Peer 1: 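Questions regarding the structure given below will be posed in turn.
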Amino acid sequence: EFMSLYAANNIIRGIANYETDVPRIGGIVLNSRGGQGDEEMVEEFALEVGLPIVARIPRHKGIQRAEEMVVPFIEAYPDDPLSKTFKGLAEMIENGIERHYARPLGEEKLESCVLKRHRQRSLK
């Protein structure tokens, strides 16, 4: 949704303020709420800011259940395919994920990138 991408863009902007000649961003984790067109919106944003999507976390009832049990998802559901996704993300970070330079979008570009798609969906 727009506000999540707005927040992500602000984080990228903050990193850009302190970035020197060393890239600092590993990529985007797409944490889906399951809305229509959400993945496409994040994919377009990722393309515009020049960052890879390093993991896709689908909406999953087990995440809330694990939180209620006060245990990590991979402990509560070790055989669930989503646990493999979390473990893969952890391994990427531990092994030194490729870093990218921060390239935040300006307000107009962010709105045209993200909101135009949202407006098109809501007009249908």
Side-chain angles (χ1 to χ4, degrees):
E1 58 193 26
F2 177 72
M3 291 309 294
S4 296
L5 294 176
Y6 183 85
N9 196 59
N10 281 341
I11 291 168
I12 294 168
R13 180 176 286 114
I15 291 169
N17 287 337
Y18 295 99
E19 197 166 60
T20 56
D21 59 344
V22 178
R24 296 180 181 223
I25 302 177
I28 295 173
V29 175
L30 194 164
N31 188 10
S32 180
R33 296 181 95 190
Q36 181 182 2
D38 284 352
E39 288 201 27
E40 292 85 1
M41 191 183 313
V42 175
E43 288 167 354
E44 187 170 340
F45 174 78
L47 184 65
E48 290 291 334
V49 296
L51 295 173
I53 296 174
V54 296
R56 293 171 187 263
I57 311 298
R59 185 167 183 85
H60 192 295
K61 292 179 183 178
I63 292 174
Q64 184 176 358
R65 287 190 207 121
E67 288 176 357
E68 290 166 358
M69 295 186 299
V70 193
V71 296
F73 180 87
I74 60 174
E75 188 177 311
Y77 303 99
D79 298 325
D80 191 287
L82 184 54
S83 287
K84 184 177 179 181
T85 300
F86 284 126
K87 289 174 185 175
L89 181 57
E91 287 173 10
M92 273 191 271
I93 294 167
E94 185 177 343
N95 295 329
I97 189 168
E98 179 184 356
R99 306 278 175 150
H100 303 271
Y101 287 101
R103 293 183 5 204
L105 302 179
E107 294 296 320
E108 285 185 31
K109 184 66 175 174
L110 178 64
E111 288 182 14
S112 71
C113 168
V114 179
L115 286 183
K116 75 167 184 205
R117 200 176 274 278
H118 175 71
R119 286 185 186 128
Q120 288 171 350
R121 283 197 322 265
S122 62
L123 292 176
K124 291 180 183 180

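Here the structure is a predicted model, which is why all the values come from computation and not from measurement.
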Peer 1: Verify, without hydrogens or angle tests, whether E19 (side chain) and A102 (backbone) share a donor-acceptor contact under 3.5 angstrom.
Peer 2: yes
Peer 1: How close do Y18 and R24 get, heavy atom to heavy atom, and via which atoms?
Peer 2: O-NH2, 3.5 Å
Peer 1: Give the cluster check for I74 versus I57: same hydrophobic cluster or not, with ILVMFWY residues linked at side-chain heavy-atom distances below 4.5 Å.
Peer 2: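 In one cluster: yes.
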Peer 1: With a 4.5 Å heavy-atom cut-off, do F45 and I12 have their side chains touching?
Peer 2: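 Yes, their side chains come closer than 4.5 Å.
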Peer 1: Do V70 and I63 sit in the same hydrophobic cluster, where Ile, Leu, Val, Met, Phe, Trp and Tyr count as joined when their side-chain heavy atoms come under 4.5 Å apart?
Peer 2: no
Peer 1: How many angstroms lie between CD1 in I15 and CD1 in I25, if you round to the nearest 0.5 Å?
Peer 2: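 It is 4.0 Å, given to the nearest 0.5 Å.
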Peer 1: On the 0 to 90° scale, with breaks at 30° and 60°, tag the H60-Y77 ring pair as parallel, tilted or perpendicular.
Peer 2: tilted
Peer 1: For the residue pair A76 and M69, what are the closest heavy atoms and their distance?
Peer 2: CB-CE, 3.3 Å
Peer 1: Would you say that more than 12 heavy atoms from the other residues, nucleotides or ligands in this model lie under 6.0 Å from the NZ of K87, or not?
Peer 2: yes
Peer 1: More than 12 heavy atoms of other residues, nucleotides or ligands under 6.0 Å from CD of E108: is that the case?
Peer 2: no
Peer 1: Does L82 reach the side chain of K84, with side-chain heavy atoms less than 4.5 Å apart?
Peer 2: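 When only atoms from C-beta onward are counted, K84 and L82 do not touch, as no gap falls below 4.5 Å.
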Peer 1: Indicate yes or no for a side-chain donor-acceptor contact from E39 to the backbone of S32 under 3.5 Å, with no hydrogens or angles considered.
Peer 2: no
Peer 1: Got I53 and E43 here, is their nearest side-chain heavy-atom distance under 4.5 Å?
Peer 2: yes
Peer 1: Would the distance check show the side chain of R103 and the main-chain N or O of A16 forming a donor-acceptor pair, the cut-off being under 3.5 Å?
Peer 2: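 Flag not set: sc R103 to bb A16 has no pair under 3.5 Å.
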Peer 1: Taking all non-hydrogen atoms of both residues, which atom of A66 and which atom of F73 are closest, and how far apart?
Peer 2: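 Closest approach of A66 to F73, heavy atoms only: CB-CA, 3.8 Å.
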Peer 1: Are L51 and I11 joined in one hydrophobic group, where the rule is that I, L, V, M, F, W and Y side chains link up if heavy atoms are under 4.5 Å apart?
Peer 2: yes
Peer 1: Would you find more than 12 non-hydrogen atoms of other residues, nucleotides or ligands less than 6.0 Å from R13 atom CZ?
Peer 2: yes
Peer 1: When you look at V114 and Y6, which way does the side-chain contact (heavy atoms from CB on, under 4.5 Å) test go after all the steps?
Peer 2: CA-CA 9 Å; V114 179; Y6 183 85; over 6 Å; no
Peer 1: Within the supplied structure, the quantity of interest is the number of heavy atoms (other residues, nucleotides, ligands) at a distance under 6.0 Å from F86 CZ; does it exceed 12?
Peer 2: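 It does: F86 CZ has more than 12 such atoms within range.
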Peer 1: Measuring from T20:OG1 to Y101:OH, what's the distance to the nearest 0.5 Å?
Peer 2: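 Here the rounded value is 7.5 Å.
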Peer 1: Could you measure the distance from the CD atom of E111 to the CG atom of L5? Nearest 0.5 Å is fine.
Peer 2: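 Answer rounded to 0.5 Å: 12.5 Å.
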Peer 1: Take E44 and V42 through the test side-chain contact (heavy atoms from CB on, under 4.5 Å) and record every step on the way to the result.
Peer 2: CA-CA 5 Å; E44 187 170 340; V42 175; over 6 Å; no
Peer 1: Identify which one of I93, I28, V29, L30 satisfies the side chain to side chain contact (heavy atoms under 4.5 Å, CB included) criterion when paired with V54.
Peer 2: V29
